[in-house]
Each structure stands twice: as C-alpha cells, then as structure tokens.
Amino acid sequence: MTEAECVECGGTVALHDDLEIGEIVDCETCGAELEVVDVSPPVLDRAPELEEDWGE
Amino acid sequence: MTEAECVECGGTVALHDDLEIGEIVDCETCGAELEVVDVSPPVLDRAPELEEDWGE
Amino acid sequence: MSEDGHPTRSASASVVGASGFAGGELCRLLTGHPDFELAQATSREYENKTLGYVHPNLRGVDLRFSSPEDLESVDVLFASTPHGVSMEHIDAFRDAAGTVVDLSADFRLEEEADYDEWYDGHTAPEHLADAAYALPELGREKLEGADLIASGGCNATATMLALKPLVDAGVITPDDRVVADLKVGSSEGGAGGGAASSHPERSGVVRPYAPTGHRHEAEIQQELGLSLSFTVHAVDMTRGAAATCHAFPSERVTTGDLWGAYREAYDDEPFVRLVAGGGGVYRYPEPKAVAGTNYAEVGFELDPENGRVVAFSAIDNVMKGAAGQAVHAANVALGLEETAGLDFQGLHPVGSP
Amino acid sequence: MSEDGHPTRSASASVVGASGFAGGELCRLLTGHPDFELAQATSREYENKTLGYVHPNLRGVDLRFSSPEDLESVDVLFASTPHGVSMEHIDAFRDAAGTVVDLSADFRLEEEADYDEWYDGHTAPEHLADAAYALPELGREKLEGADLIASGGCNATATMLALKPLVDAGVITPDDRVVADLKVGSSEGGAGGGAASSHPERSGVVRPYAPTGHRHEAEIQQELGLSLSFTVHAVDMTRGAAATCHAFPSERVTTGDLWGAYREAYDDEPFVRLVAGGGGVYRYPEPKAVAGTNYAEVGFELDPENGRVVAFSAIDNVMKGAAGQAVHAANVALGLEETAGLDFQGLHPVGSP
Amino acid sequence: MSEDGHPTRSASASVVGASGFAGGELCRLLTGHPDFELAQATSREYENKTLGYVHPNLRGVDLRFSSPEDLESVDVLFASTPHGVSMEHIDAFRDAAGTVVDLSADFRLEEEADYDEWYDGHTAPEHLADAAYALPELGREKLEGADLIASGGCNATATMLALKPLVDAGVITPDDRVVADLKVGSSEGGAGGGAASSHPERSGVVRPYAPTGHRHEAEIQQELGLSLSFTVHAVDMTRGAAATCHAFPSERVTTGDLWGAYREAYDDEPFVRLVAGGGGVYRYPEPKAVAGTNYAEVGFELDPENGRVVAFSAIDNVMKGAAGQAVHAANVALGLEETAGLDFQGLHPVGSP
Amino acid sequence: MSEDGHPTRSASASVVGASGFAGGELCRLLTGHPDFELAQATSREYENKTLGYVHPNLRGVDLRFSSPEDLESVDVLFASTPHGVSMEHIDAFRDAAGTVVDLSADFRLEEEADYDEWYDGHTAPEHLADAAYALPELGREKLEGADLIASGGCNATATMLALKPLVDAGVITPDDRVVADLKVGSSEGGAGGGAASSHPERSGVVRPYAPTGHRHEAEIQQELGLSLSFTVHAVDMTRGAAATCHAFPSERVTTGDLWGAYREAYDDEPFVRLVAGGGGVYRYPEPKAVAGTNYAEVGFELDPENGRVVAFSAIDNVMKGAAGQAVHAANVALGLEETAGLDFQGLHPVGSP
Ligand SMILES: NC(=O)c1ccc[n+]([C@@H]2O[C@H](COP(=O)([O-])OP(=O)(O)OC[C@H]3O[C@@H](n4cnc5c(N)ncnc54)[C@H](OP(=O)(O)O)[C@@H]3O)[C@@H](O)[C@H]2O)c1
Ligand SMILES: NC(=O)c1ccc[n+]([C@@H]2O[C@H](COP(=O)([O-])OP(=O)(O)OC[C@H]3O[C@@H](n4cnc5c(N)ncnc54)[C@H](OP(=O)(O)O)[C@@H]3O)[C@@H](O)[C@H]2O)c1
Ligand SMILES: NC(=O)c1ccc[n+]([C@@H]2O[C@H](COP(=O)([O-])OP(=O)(O)OC[C@H]3O[C@@H](n4cnc5c(N)ncnc54)[C@H](OP(=O)(O)O)[C@@H]3O)[C@@H](O)[C@H]2O)c1
Ligand SMILES: NC(=O)c1ccc[n+]([C@@H]2O[C@H](COP(=O)([O-])OP(=O)(O)OC[C@H]3O[C@@H](n4cnc5c(N)ncnc54)[C@H](OP(=O)(O)O)[C@@H]3O)[C@@H](O)[C@H]2O)c1
Ligand SMILES: [Zn+2]
Ligand SMILES: [Zn+2]
C-alpha cells in the first residue's frame, strides 16, 4: 500500500499496489477525483471534471 | 411493583405501587388502555375508548 | 468463544454488489458488527472508489470497492446482486467462503421447477437442496451451521410475518382466501432506477406496480403453504414495506384467540414487536417506526361484521427485508449472538425515511 | 339560458364552512365558475379576514369571511361543515337557499335507522327523504332540480367508482366477498388537525387508520348494495384517495368482459378516465394524476390464477370526493353545463399534491 | 378581434420537445387556451404515441406525438428542447412559424460573447438581435409583435422578480453586494433524470447543487445590471423555485419605502402577488401556493439590525419559470388578452406539488 | 474506570421533558449507551404510560413516564423542556443531580442582559456563570467536569460549525458581512405543533419562518464573535438543519487555504465529516446523510468571481443539534469515551427522515 498527497486538500490518499497511470481515484478526505499521473513514486493530479448538469 | 393480567392480550402489566382506582395504564404488550378497577389485588379492565376521529 | 458471548476472533466477510442498496446496508452492518470484519466490497462501476463515494454514511470507512472478479477467501460471503447473478457465480462464491448468504431470489425456492414457472429457469439447481431460507422467524434449525443461505424477498417477508401466526394457530388454512395488499418504498427498486423511479414521477404516488402475479407469491406458497391474492403498490417513501392481509377464517375467532396466536408465535422473537390497537398515534404497524432497523412490527384487527381478520406488518425492506435478515441469519449460522450488530432501535420523530 | 349554454345571469352561492379544506375548494371553484357568483363565505374563527388569509391561492378574491349566523338569501348554499352541523341548521340553510348542497354525511343515508347504527343518530330526519346523493355517475335523474343534495363521502366515492361497473354488469353480486383497501391523504382529516396529523408524525406514513368498521361502508351498502370489507390507510400525500378493490366473482370473467363493463359504465361520463394497463409510467389509476381536478381515474386488472378482479380508482378527495362533486351535482341540479367550472386537467409532472 | 376580446380565429401552435416537462405543460396550456389550437407536439422517443401516454393529465387530448423533422406551418412555434437544440434548428423553426418562442437559454443573451463565456458558444448568433426576453414584468414593449421570444431561466425569473423593485427604486445599485440563495424542485432537471435524481437519492434533500457559478447569473446581469452571488439548492419538491435575496443597501430604507417600491413595480401586474408579513400560516412567498399557476409571489422583510433587505419570491418553475411565461409572452406578442389560458389559481391545501 | 475505557458502573440519568422530540431522543441514546442507565423519564401529559406509547421506537424499553415533580437523585439530569422551564426549576434540578445538561436556551448566554435583549429576561441569573456551552467543537476544556451544561441551539450549531474554521483561520473577521441562510425540518418545532405545522400546511414548503431576527444570533455572536444576517426557512423534512453561509473575506483566499482551515479545525473531531466537492451524488453537506446521527457534515466552495466563500453544514437538529450534542457533552464532562452511545452512522439510501 503506497500513499500520495491530494492536490486539492492536502490529505493523504491511500493507493493500491498495482497502480496504473491514468487511473482515477477519489480522495478520502475531500472526495476529489484524482488522476494517477505517475506511479513511482505515485503522483496525483485533479482529474478532468465531467461537468454534470444537474438541472434547468 | 405489582403485576396484573391484561384483559385484552393476556400479557403481564407491571404496575407501580401507589396505584389508585380509576387510573389508566397502557399494556406494554398490546398498548391497550386499561383502567384500574381494583387495587388489592390489582384488577384491570379495558378503559372506555375515546373514539378519536382520524379523518373525513 | 470468549466469556461475553463474542467469538475470540472476528469473522471476515465480503459483500458482492456493495454499491447497491442492500449491499451498502450490508457494509454498514458489517463494519459496525462486533464479530465481523469487512474484508471486501465489490463494485464494477465504482472500482477503486471509497465506499463513501456511493454511500455517504460510510465516509468514515477505510475501504475501496474492488472487482467482483477478485474474490478473497473469507468466512462469509454476502451476495446482493440482481436475480441471476448468484446462480451464475455460485461455485466461485462457495469456493471463496465457507458460508454464502445470497440476498437474491436465486436460492429461495426448493424446486427447480418453480424457477421455470416463476423466473427464467435456474442454471445451478444442484445447490438448491443445500440452501436454507434465511428468515429466522420461520425456523432456526436449518440455519444453524448452514453454508448456503437464501435471504427472503422483502414483500414475502412482510407478508409471511403478518400471516404466520394465523397459519400456525390454524386460524387460516391453505384453502382460505387471503388478500395481501402491500405498500412499498422506492428503495425496493434498487439503485438502478429508471424513468418511473425518477423523483418527479415517483414522488407522491399510490401506484399499483404489481397488481397481480408478483413473484414473491412463490416463496410464500412454499414457506406458509398459502396461495395468496397479492397486489403491490408503490407509495411515497424510500424505505419500508407494509403488508395488509385480509383473511376470512372459516371458524369464528375472538380478539383473545388472535392475541394468543401472535404472542405464541412471537413472544420470544427478538425482532418482532406486536402492535395491535392501543392508544396514541402509533396503534398498528408502521414502516417508519422500524426504518433503519431489523425489527418487524406485526399486528391485527378483527372485523366481526365481515368475518375478517386484518393482519398487518411493517418492515424496512433494506433491513429486515434484505441486509438485516441476512446478517441475522449469518449470526444464527455462525452461532453468534443473534442480535449482534442489529441493535439500532429506529427513530422518533422521523419523516419519510 | 343564452345561446352558448350559459344562463343569462349567474347563480348566487354561499359557502358555510369556507375556512375549511372542502370549503376553500368550493370558494375556488365558485369564483372561477362561469355561472356562479360567490356571495358569502362563512367562518367563525376568521370572521372579517380575507379569504386569502386562510387560503393563499385565493389572495386575489375580494371577499371576507362572514359569520354563519348571518346567512344571505342565495340560489345555492353549500355547507362544508363537520358531521352534525348541517342537520342542526338545515332549516336555516333551506330558508336561505333554494338549493342546499351538503358535503357532510348528514343527508347521505336514506334511513334514520342507519344514522343510529353508524353515526350518533339524526336530529332532522324529516329532510332525509328530500335528499339526492350527489355522485352523478350513480344516476343523474334524482339530481335534476333537486333542492337538497348530499355530497358523497370521499372514500365511498373512490370505492363505488371502482366497483360500480362490476355490479352493473353482474360480475359481482351482493353475496360476493369484496375487500376495499384504501390509501388516503392528510387533507381528509380537515383543517383541524391533531397530534397524529402534525407534520413530523404524519409524514412518510403507511398507517392503518380505519382498519375495520369505516362509516363509509354504510353509504356503499346503500348505493351499490354491497357489503364490503373496508380498510383505510393514511399515506404520505395531502390530496388523494386511492381504492384497491379485490373481488372474487363466482363466474369466470375475461379481460374483455371487464373492458365491456367499464366502458359501458363510463364511456359517456365526462369525469371518468379509464386507465387499465398499457405502457409508460402511468398504467393504473393514480391520485396524483387527478390532483386538483374533478376527474376519477378508474381501472382494473384480472388475476386469473386467483379468480380475482382487482379494481382501482383514484380521486382527489377534496375535489371529486367533496367540492368538485358538489359543484358537479349543483350544475346538474340547476341545468347548467355539467362540466362548467370544473375544467382543470391536472398537472404533470407533479410531486405529492 | 371579436367583441369579447378574443380573436375571431384561434392561432395554431406547435410544441417542439412536447414529451418534456416544459413541453407537456405547454400542451396543457395551449389545449386549454381560448385562442390557441395545438396543431403539433413533437417527440422523437414517443412518436405516434398519444400525449396521454407520457402526460397522464392529457389523456383527454386527441393528439399524438410527431417527429420534430416534420414541422407544419403554424402561427406560433414553442421550442422546449435542451440548450443547443434551438440554435441549431432556428431557421427551420422560423420558417415554420411567424412567431417562435424558445424556452431554452439559446436566445436569452444579447451578446454572442456571453455565450462563449457562460455556455459553449453560439451557432446562430445572427438571430440574437431579434430576440425579446419573455418576462413581461421586465417590460412589454419589445414583446409586442415580437417574432422571436426567449423565455427566461426559471431561477433567473424568480430572482429578478424579487429584486427588480429594489433596483428600479434605487434601493440597490450595481455595486451593492447581493446574495441570492435559491431552493428548487426536481422538475428543473427535466424529464431525463440521472443517478442524482432518482427518487431514493433525490427525496428529502437540501442539496447545494450549484454552489457557485450558476449560468443564470448571466441573464440577471444583463436584465437587471446586477452581479449576484448565486447559490442553488435542490430541496424536496417537484415544482417550485424560491429565491431568498439578501441585499445590503448603502442607504437606510424603511418598510414603507420597500412597500412603495414593490407596489410601484407590481400593482398593475396580473401575475404578481405581494406577500410580505401579515398573519396566518402563509406570510411570505411560498412556491406551493403558486404551484400549477403562472403567478409569482413576491415579498420582503427589513432587517434593520444588519442593514439588510431580504427579498423573497416564489414561482412554479415549469409555469412562471417556463411554459406559463412563454404563453404569457405569446399572448402579449399576438395582442391577445394577457391572462388568457393562464387563469388557474392554484390549490389549497396542497402538499408538495 | 475499567480497562476497556468504560467506567465500572453506569451513571444514572433522568430526562425531564421525555415525551418531547429531544427528550425522546435522549431516552433512545441513554438506553443504548454503554455507560448510562436511564432511571427516570418525565412527562406530565403521559404520566404512567410506557415510553413506547409516545415513541414507537422505544416500545422495547421497560420504563413508564413519571411526573417531573418527583425527581429521583441521579448522576446526570437532562432537561429538554421549552425555554423558561429550566430556569424556573434549576435549583431542583441541581439538587437532584451532580450534572445538569439543559437543552433549552436558558443557560446558553453568559450575560443576563442578553436574556433581556433576546428573550424575556432570566429568573435565575446566578447560575449563568456556572454553565458551559455544550458544543465540543468549540472547546472541550470548560466541559470537563462541568456540572451545568447548556446544549446549543440547533440552528446556531449548524451555522457555527460551518463558520468556525473561517474565523479561527482569520479568513473572516467580526467586521465581515456574513449571510447565513438556513433550511430546517419540522421537528425543530417540537412535538407541540400548531396550525402551521399540520401535515397539509407544512408539507412541501419552502417557507421563510424567521426571515430576520432569529434568537440564535445571540449565541453565535457570543461564541464566534460574529454578527450574522440570519434567515431560516422551513423545508419539507422532519429532521435536519442545513446552513449555507455566504461570506466575503476582505483578503483573497484559495481553495487550498480553505482546505487548510477546515482540516485544521476538524481533522481530529470524531463527529465532523468534511464534504466539499468531489464526485458522485453527495458532494456537499446534506442533512439526510447525517439523519439520526451525531455527525455534522461541513464543507465549502470558493466563488472567486464574487470574492465569496460559501460554507455549508448539515446536521440532524434532534441529534447534533440537541440530544446528541447533550450526550456528547455529558460524555466529556464525565470523562467517558467521547463517542460512547453515539455510534450510529446513518442510512443510505434514505428518503426524507
Ligand atoms: N432493495 C431491496 O429492498 C431488496 C430486498 C430484498 C432482496 N433484494 C435483493 O437484493 C439484491 C440486490 O438488490 P438491490 O436493491 O441492492 O440492487 P441494486 O441497488 O441494483 O444493487 C445491485 C448490485 O449488484 C451489482 N451487480 C449487478 N450486476 C452484477 C454482476 N453481474 N456481477 C457483479 N455485481 C453485479 C451492482 O454493482 P456494480 O454494477 O457496480 O458491480 C450493485 O452493487 C437483488 O437480488 C434484490 O432482489 C433487494
Ligand atoms: N376533507 C375531505 O376530504 C372531505 C371529503 C368529503 C367530505 N368531506 C366533508 O366535508 C365537511 C368539511 O370537511 P373539511 O375537511 O373541509 O373540514 P374542515 O377543514 O375541518 O372545515 C370545517 C369548516 O366548518 C366550519 N365549522 C365547524 N363547525 C361549525 C359550526 N358549528 N358552524 C358553522 N361552521 C362550522 C369551520 O370553520 P369555523 O370554525 O371558522 O367556522 C370550517 O370552515 C365534513 O363534513 C367532511 O366530512 C370532507
Ligand atoms: N424544467 C424547467 O423548470 C425549465 C424552466 C425554464 C426553462 N427550461 C428550459 O426548457 C427546455 C426544456 O426543459 P425540460 O425541463 O422540459 O426538459 P426535458 O423534460 O428534458 O424535455 C426536453 C424535450 O426536448 C426533446 N428533445 C431533446 N433533444 C432534442 C432534439 N435534439 N431535437 C428535438 N427534440 C429534442 C425531448 O424529447 P424527445 O427526446 O422525445 O424528442 C423532450 O421532449 C430546456 O431548454 C430548459 O432549459 C426548463
Ligand atoms: N427540537 C429541536 O430540534 C431542538 C433543538 C435544539 C434544542 N431544542 C430545545 O430542546 C427543548 C425541547 O425541545 P423539543 O423540540 O423536544 O420540545 P417538545 O417536543 O415540545 O418537548 C417539550 C417537553 O417538555 C415537557 N414540558 C413542557 N413544559 C413543561 C414544564 N413546565 N415542566 C416540565 N415539563 C414540561 C413536555 O412534556 P409534558 O407536557 O408531557 O410534561 C415535553 O416532553 C427546547 O428548549 C428546545 O428549544 C430543541
Ligand atoms: Zn483531497
Ligand atoms: Zn395487553
């Protein structure tokens, strides 16, 4: 189990072992969707947001 | 703490000590409102129902 | 087993279908259970996301969804997948766990032929004989030590709890005509949803959604021996199933007889509350009084004018009707305290849970 | 009567009990009615306040509540007061108006003896013979020119609309066992309220509030000749009454027979919509589809396995079950266009009206 | 034009996007409108099905959905399609009808640049200059005889109705800080739905769905000149949008000033009801009091301690916020009676419409 | 204190006002608490009835309501009576118990003068200096060993939890203008009810019930030093209070700054969950996600265009806003495990609890 820092909130994100570049994980603290941009060591970036339209 | 039998469901109703005739208690089992008609030994009877109109 | 009734080590558990409604509830119960440890929770759609991403009440749980393809070896595997999935994967499930508790209809019926009649057949009928029906109020013997458990249907559960005392006491017999009129919440439809279950269309309804021919008739027939006239209505709540059963006994009964029958059936049951008359606001079973809990409220009223007994029951379909019943049965199967992990008493006041 | 079907002058109307739910609805209908003019609206509690003070939808109406002691002379007096009030004041009402339409149960039953059995007796039984039952679908003849009209009970109305075609077609006979299981909204309780009807206690319920022995059985017995097993549940909506009737005809029927019966009964009825199966989200009667309207949705389903016919109906209890039915009957009594003032079609989408 | 204010012949109308929520409401309004005749209602998904298949309140309407590809020639075409569709088909729409009323955002903003900033650009910017903003309370002149009308956004409509009197009276100026906190119903999301709008997930929420950056800010900026801090919450209703605007005027104002401003703005408006204080249950604007109607309730309260004016408004988003506003504007454009077809007053009591 | 953190004997507790909403919740929590034993529950109206008569979720509790006149000696007395009752009986309460936890406003404010300004004065001001404000997130020191504890107001609690991190981090200062717009459920009104809180009138509302001048402003001023513009709306839920706070910091802040402030404030708090953005359905605080629990969800969003921070929080008013906060504070005061008896995690899915 490795870890990385969330770019959104600074929290620690626990990562599973067979991590792949491009994978999306959510931060346990802030829920941000994060993209794995590097694996050794793991680096996370804010994932491109799917602007979900909730209405009107 | 004394007990009496509920006339509605046959369950046991726990009664407090300073019981008075005319007091209303509810049965723990069936919820029936019971009137204390005698105190030594305690005897319970179905309390006259206040027909609550729930509508129309 | 330690002194205080708890086993010396926790049993490990997996939930397959953990992103669904029943699956999320299993995760809640198992993470709060004194004798279980949640090892795995599967979801194909939400793989690698935290449980809290889907179930906001589980934000505090430090676990991510994994793929149902990678099952770890555990003591108990709970499957809460749609009908048909468990029968397909039952061998893998039983390989992974000594005890499998399935919440779908896949192992509820004893006869393969019944799957042909009521469902679309069965692909693993050889397991049917191993399965024990989960509802403990119908009998605990088969559950003790069972390694395949079939959790009952929510509407069947509600209906059977209302009627079983009348059957046991001989007040109604298989030939008697019984109408079961159910009112159920939107979570019965699962997390999937569809046009009819969008908020604007589903709010405020009294909608006959299974006017006749509901599949749960099959398991009621099997378990109680009764052939019912079943009608299910969607009403405006999320959790809850309420059964109103109209029975016409051939022999005259009194309220005392009925109390006798219901107390005989349920006085020792830890999860049944009898509610039949009395005063105040809550006089008969109501689903909101048991929302979030594993309790069933059961009650009745006599209609002497029409020679009718009206039997009521109310449960939370996701709990007593699914995840709670499953955990209850697992407790019995593993010899744990029956009520372990199921102690939530419900809320008052509460709106429309 | 002018060419376009409207009378040359508007009829004047009073509403006694105008601060109540049915009374407010009468005011809404009459102020929007092409052939009526609302002359008076009574309330003891809100005397001198504007109608909009109580009924926010009537803020635009330029009228204040007056005392029920001071009744003006009008063409039609509508009384929407609790049971017992109209029988006490019926002489004053009939003095004040040529036509009296009463929305309570006070003049629904023909026999004084029935009031002894089902209510607390009657203090003006001499008027009973004059009264015509308002529901036009049961027959219009007695209503034409009637000067005392008794508007039906909301639950009785829903139930009778579901069953009448089956009775007329001989599918069910007085000896057949019929269960009527109703689900109703909180406005049935009137504006008064009480502990059980506060928002926290009343929200989200499926609450058996009249498990047996509901008084509306009396008028159903009178009008349809059927003795029903009646059970009423409070569910979470404000307006609406839905009846699910489970009948077991002694003779075998087909879906075609049922369509024949229902079309025969209702094809010419302006306020009945048949809804029985079909596709989409709305396949059977639903109260929210008729909320605010004078329409009834009526439908059915055949359950051949159980020899059962399930008959459904859904109405707005304040409209078809009260104020709408009353205005409809008044239209018939006065020879107006039947549908005048009752043209609102209802809303979609709509939540829980 | 005949004597009674009605034109001698009805105008013909089409609704494109008639299976949607706003489209269904347009069909309801137009079929009940004295001066319109509904010629066509399009849906791709429900082509050839009756309107009643989708909209149960329109079961009585004898019309089937047709394809949006086959547009007949009509007097007025109403388009209630998602953002982006009208700009793509605007030439076809204007070919088919002398007057086009569009309910989407496609023609609300005057400047092409605004579409780049707030939306995804514009593909038919040459029509922007022709378009008149529909909300009559903002000015009727441009609407009279207009042949392209852009119906306002529902949340923008609610907010502007609350604030316009303050702007007009100079109580607030463009530099003043104004917070608009909205609470809206699920029908704003349209018939499409999605995971967040299923009944179990959407019931009972107070959910910040557009915490910042709502697109309606753009049209408010354009129409009122105010730059707002906008936050929208989903709450548990189907119809309704309620705006609470917190403004901090730089100059001290009195309640009398505020009454002056609001009466000045709205005393002659047929569809605005001022509700500000007073007694009884309904003291400030509430969406359920206007559900199903084209009315807006508007009101305010002064908070002298904090130098704050709280301005409220409540509308039905599908009516005043969409279909009602569109018909109102069409009435003005065609020189019809402004209130024609929009006379429904709303219901009381009513639950959660 | 035994090894596992639990005291060797349970503390005894009384609840005065146990038939009310907060009182019923106290009874639920205390009967399920590992370190408390419920000795007494008072009600004048329901004396001698079982707790289950009023609170259906407590049918299993073997205790009857007793008179508040006969207070037994206990370790902790919880008073959940309307404002004014505790100040009148405070001497009797403190005689009966070493620790008194009051849920009303009677001991929340430190200064007698504040009671003159915001309430109707105080009759026992000599106790004010003894009282510790219960909300542990505002500081635990004063609570440890406290013998008079004043549980916070529900709306104040929600608001302060949203804003405290901003105050602590200096993002907002006393001079900054802050708008707090609240949406609350019907249980805030208590079990008493009234015309406006009947189900038909209270359902489906977005009703400004305290547009300005809410009394909770006083305790927020005292605890946070902020003077807020406060507006409270009733919305359609039974449990829940959601605060949306609009703040305009004078200095520019980033999302990172905000995360820093909120994590600093709450990372070690057992009952605060940070929810600010992310994906899925539940992205910001929602009351239904915490219904029945002692948790607060807290979050925020930055609005750089308007120089605004929107801070959100959501609690269950009966729990974190009343009974849960009170038990939490009592746990701290008695040196128990802070989270004891407060482990319910909440439900998903859940409708409108
Ligand atoms: N809801 C109730 O009230 C209730 C009551 C009694 C019994 N049940 C039974 O419990 C089961 C679950 O019901 P529910 O309401 O929780 O349904 P649900 O919300 O739709 O959840 C179904 C779950 O199964 C997973 N799943 C679907 N297809 C799968 C497949 N082929 N392989 C692996 N996982 C799959 C889904 O997740 P992914 O797609 O992310 O993998 C999801 O987590 C059903 O059999 C239902 O009949 C439900
Ligand atoms: N609600 C329904 O769904 C429904 C359906 C069918 C039939 N009904 C029948 O319609 C009638 C009214 O029902 P509701 O629901 O509208 O009740 P409600 O809301 O309680 O209104 C009753 C009205 O009667 C007035 N009133 C009460 N006692 C009176 C008296 N002694 N003299 C004069 N006025 C009196 C009250 O106003 P003041 O106290 O201000 O004078 C109030 O306006 C009842 O008979 C009911 O059975 C109701
Ligand atoms: N709902 C509101 O409260 C509200 C308020 C103000 C403004 N509006 C605006 O009104 C418009 C409609 O909103 P709504 O809520 O009614 O949405 P909706 O329920 O989703 O309906 C959209 C309609 O457009 C049709 N449609 C979609 N794409 C189309 C295409 N490419 N060509 C032709 N028809 C198409 C759909 O039917 P088929 O797929 O069957 O063709 C459907 O009938 C939107 O622009 C919305 O912003 C809505
Ligand atoms: N509800 C909330 O969300 C909430 C949140 C925070 C704080 N609070 C505070 O908690 C307190 C209780 O609120 P609630 O909502 O639970 O109110 P409630 O439901 O009205 O309950 C009040 C209780 O107090 C009892 N009571 C009333 N007057 C009394 C008296 N003179 N002497 C003894 N007992 C009396 C009542 O029972 P009997 O009449 O049967 O004796 C009842 O049990 C209030 O101070 C409220 O401000 C409530
Ligand atoms: Zn993060
Ligand atoms: Zn009993």
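Lettering follows sequence order; numbering is per chain, from 1.
- A donor-acceptor pair is defined here as one N or O able to donate and one able to accept, closer than 3.5 Å; no such pair exists between the side chain of E/R239 and the backbone of D/G351.
- Counted within 6.0 Å of CG on E/D268, heavy atoms from surrounding residues, nucleotides or ligands total 12 or fewer; the atom is thus considered open.
- Residue E/T238 forms a side-chain contact (heavy atoms from CB on, under 4.5 Å) with just one option from D/P349, D/P353, D/S352, and that option is D/P349.
- Contacts between D/V61 and chain E at a heavy-atom distance below 4.5 Å are absent for every atom of the residue.
- D/E297 touches chain E through its side chain: at least one heavy atom from C-beta onward sits under 4.5 Å away, while N, CA, C and O do not.
- Atom CG of E/D62 sits in a sparse spot, with 12 or fewer heavy atoms from other residues, nucleotides or ligands closer than 6.0 Å.
- Listed here is the closest heavy atom pair of D/R273 and E/P56: NH1-O, 3.8 Å.
- Residues D/G346 and E/N57 approach most closely at O-ND2, 2.8 Å, considering heavy atoms.
- At a threshold of 4.5 Å between non-hydrogen side-chain atoms, the residues D/Y295 and E/R59 do not count as touching.
- The residue among E/G279, E/S186, E/G292 with the most heavy atom pairs within less than 4.5 Å of chain D is E/G279.
- Rounding to the nearest 0.5 Å places CE of E/M319 at 8.5 Å from CG of D/L347.
- Of the listed residues (D/T293, D/V54, D/V318), the one with the most heavy-atom contacts under 4.5 Å to chain E is D/V54.
- Interface remark: of the candidates E/M237, E/H55, E/E25, E/Q345, E/H55 forms the most heavy-atom pairs closer than 4.5 Å to chain D.
- With a threshold of 4.5 angstrom between heavy atoms, D/F344 approaches chain E through side-chain atoms but not through N, CA, C or O.
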